[in-house]
**Student:** 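Structure in structure tokens, see below.
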Amino acid sequence: MSIQEMKPIKEGKVREIYDNGDSMIMVATDRISCFDVILNNQVTKKGTVLTQMSKFWFEMTEDIIPNHMISVDVKDMPEYFQQEKFDGNSMLCRKLEMLPVECIVRGYITGSGWASYQKTGKVCGIELPEGLKESDKLPEPIYTPSTKAELGDHDENISYEESIEYLEKRFPGKGEEYASKLRDYTIALYKKCAEYALSRGIIIADTKFEFGLDENGNIVIGDEMLTPDSSRFWPADGYEPGHSQPSFDKQFARDWLKANPGNDWTLPEEITKKTIDKYLQAYELLTGKALV
């Protein structure tokens, strides 16, 4: 295959997927999406932060579940990827049959969960204790799955019981097994990583994981893992329930968009700069290394 010919087989809001025969290459671009819309800005180095942070967590959690990562070294990839624009932000991965559920875990009450709790005392049908304040730590992390929408649609929250039915329709005879494994893996991964992150000064308020099946039908974690795109990271220093918290993620960009209607989905340069600074700071705190 000539160097010019590699085209992504799939483009998501942020990622591009390339077919590499029995493996695939996942490139995290510098695009940023908020409220399921791809913004007009590029956030330089963002893709590299996402890829390298996923690598860090995949390696840390191999004792809990296998992952799809083979390498993040472009020398292990076809010649086409040995260009500067792919260096650092590309991951060679095993091919998986992805399971159609976003596995969301919440350790703290915030965002849409807080809005729901204020109305009903529940989050995604799960009854929570009375008297919680915004950003409070929950007694135990809760698992709140959602359907995985096509690009342009919105994901839909479903209960654990609905996730069994949803998976059963697509994998007859396996719905309950897959649903319970997804829940248990999600909680175990969150607990281990949230405890570690807290020791490094970061609260992981919530996150989402995606899983797939390998060629032997085993569940494997895929996509990205515990990045500022898929998680809410708060500084532990100064954490105080009762209001929203400052964050290391794209909440910064979301807040600006909300406060500036008529923005045409374009962030000012100072906001993109502050956003990437947050991502880089989170990476350094968590891994103990600056991203060069």
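Worth knowing before you read on, the calculation uses all heavy atoms, side chains too, and leaves out hydrogens, waters and symmetry mates. Quantities reported herein were computed from a predicted structural model and do not represent experimental measurements.
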**Student:** Can you tell me if D87 uses its side chain to pair, donor with acceptor, with the backbone of Q83 under 3.5 Å?
**Tutor:** no
**Student:** Check each of I276, I38, L39 against I32 using the side-chain contact (heavy atoms from CB on, under 4.5 Å) test, and report the only one that passes.
**Tutor:** L39
**Student:** Evaluate the criterion salt bridge (charged side-chain N to carboxylate O under 4.0 Å, His left out) for residue pair D206 and R232; output intermediate values, then yes/no.
**Tutor:** CA-CA 6 Å; D206 52 34; R232 275 193 183 90; 2.6 Å; yes
**Student:** What's the spacing between L99 CG and L182 CG if we round to 0.5 Å?
**Tutor:** 5.5 Å
**Student:** How long is the span from the CD atom in Q52 to the NZ atom in K289, to the nearest 0.5 Å?
**Tutor:** 8.0 Å
**Student:** If you measure only the distance, is there a donor-acceptor pair under 3.5 Å linking the side chains of R106 and T144?
**Tutor:** yes
**Student:** Can you tell me how far the CZ atom of F209 sits from the SG atom of C193, to the nearest 0.5 Å?
**Tutor:** 6.0 Å
**Student:** One pair to check against salt bridge (charged side-chain N to carboxylate O under 4.0 Å, His left out): D30 and K45. What are the steps and the verdict?
**Tutor:** CA-CA 6 Å; D30 288 341; K45 279 190 107 68; over 6 Å; no
**Student:** Please check this pair: side chain of E284 against backbone of A290, looking for a donor-acceptor N/O pair closer than 3.5 Å.
**Tutor:** no
**Student:** Take a 6.0 Å sphere around CD of E177 and say whether it holds more than 12 heavy atoms from other residues, nucleotides or ligands.
**Tutor:** yes
**Student:** So does A28 get a backbone contact from the side chain of N89, meaning a donor-acceptor N/O pair under 3.5 Å?
**Tutor:** yes
**Student:** To the nearest 0.5 angstrom, please state how far the NZ atom of K75 sits from the CD atom of Q82.
**Tutor:** 8.0 Å
**Student:** Counting only heavy atoms not in E127 (residues, nucleotides, ligands), do more than 12 fall under 6.0 Å from its CD?
**Tutor:** yes
**Student:** Looking only at heavy atoms, what is the nearest atom pair of M225 and W57, with distance?
**Tutor:** O-CD1, 3.2 Å
**Student:** So which heavy atom on S33 is nearest to which on V14, and how close?
**Tutor:** N-CG2, 4.5 Å
**Student:** Without swapping roles, check the side chain of N260 against the backbone of L257 for a donor-acceptor pair under 3.5 Å.
**Tutor:** no
**Student:** For the residue pair Y143 / D184, report whether a side-chain donor-acceptor contact shorter than 3.5 Å exists.
**Tutor:** no
**Student:** For F58, enumerate each residue passing the ring-ring contact (aromatic ring centres under 6.0 Å, His included) test, keeping only those at least two apart in sequence or located in another chain.
**Tutor:** H68
**Student:** Would you find a donor on one side and an acceptor on the other, under 3.5 Å apart, between the side chain of T207 and the backbone of S230?
**Tutor:** yes
**Student:** What heavy-atom pair brings Y279 and K46 nearest, and what distance separates the two atoms?
**Tutor:** OH-CE, 3.6 Å
**Student:** Is E62 reaching over with its side chain to a backbone N or O of M60, donor-acceptor style, under 3.5 angstrom?
**Tutor:** no
**Student:** Does NZ or CZ of R170 lie under 6.0 Å from the centre of the six-membered ring of Y166, at an angle within 45° of the ring axis?
**Tutor:** yes
**Student:** Kindly assign one of parallel, tilted or perpendicular to the pair Y108 and Y239, based on the angle between their ring planes and the thresholds 30° and 60°.
**Tutor:** perpendicular
**Student:** Tell me if the aromatic rings of Y196 and F56 count as close, with their centers under 6.0 Å from one another.
**Tutor:** yes
**Student:** Starting from the C-alpha separation in whole Å, work towards a yes-or-no answer on salt bridge (charged side-chain N to carboxylate O under 4.0 Å, His left out) for R31 and E16.
**Tutor:** CA-CA 11 Å; R31 294 195 292 264; E16 294 172 350; 3.3 Å; yes
**Student:** Taking atom CD as the centre, does E59 end up with more than 12 heavy-atom neighbours from other residues, nucleotides or ligands that are less than 6.0 angstrom away?
**Tutor:** yes
**Student:** Assign the ring pair Y18 / F81 to parallel, tilted or perpendicular, where the plane angle (0 to 90°) is split at 30° and 60°.
**Tutor:** perpendicular
**Student:** Any ion pair linking K192 and D63 (charged N to carboxylate O, less than 4.0 Å)?
**Tutor:** yes
**Student:** Could you check whether T227 and E224, counting side-chain N and O atoms only, form a donor-acceptor pair closer than 3.5 Å?
**Tutor:** yes
**Student:** State the CD1-CG distance between I271 and N263, to the nearest 0.5 angstrom.
**Tutor:** 11.0 Å
**Student:** Measure the spacing between OH of Y178 and CZ of F171 and express it to the nearest 0.5 Å.
**Tutor:** 6.0 Å
**Student:** Judged by atom type as modelled, is there a donor-acceptor pair below 3.5 Å linking the side chain of T266 to the main-chain atoms of D264?
**Tutor:** yes
**Student:** Using only atom types and a distance under 3.5 Å, with no angle test, would you say the side chain of N20 pairs donor to acceptor with the backbone of S23?
**Tutor:** no
**Student:** Above 12 or not: heavy atoms from other molecules or residues under 6.0 Å from NZ of K95?
**Tutor:** yes
**Student:** I need the minimum non-hydrogen distance between S146 and I104, along with the two atoms involved.
**Tutor:** OG-CD1, 3.8 Å
**Student:** Salt bridge (charged side-chain N to carboxylate O under 4.0 Å, His left out), that's the test. Do R94 and D22 meet it? Break it down for me.
**Tutor:** CA-CA 7 Å; R94 297 155 63 189; D22 57 0; over 6 Å; no
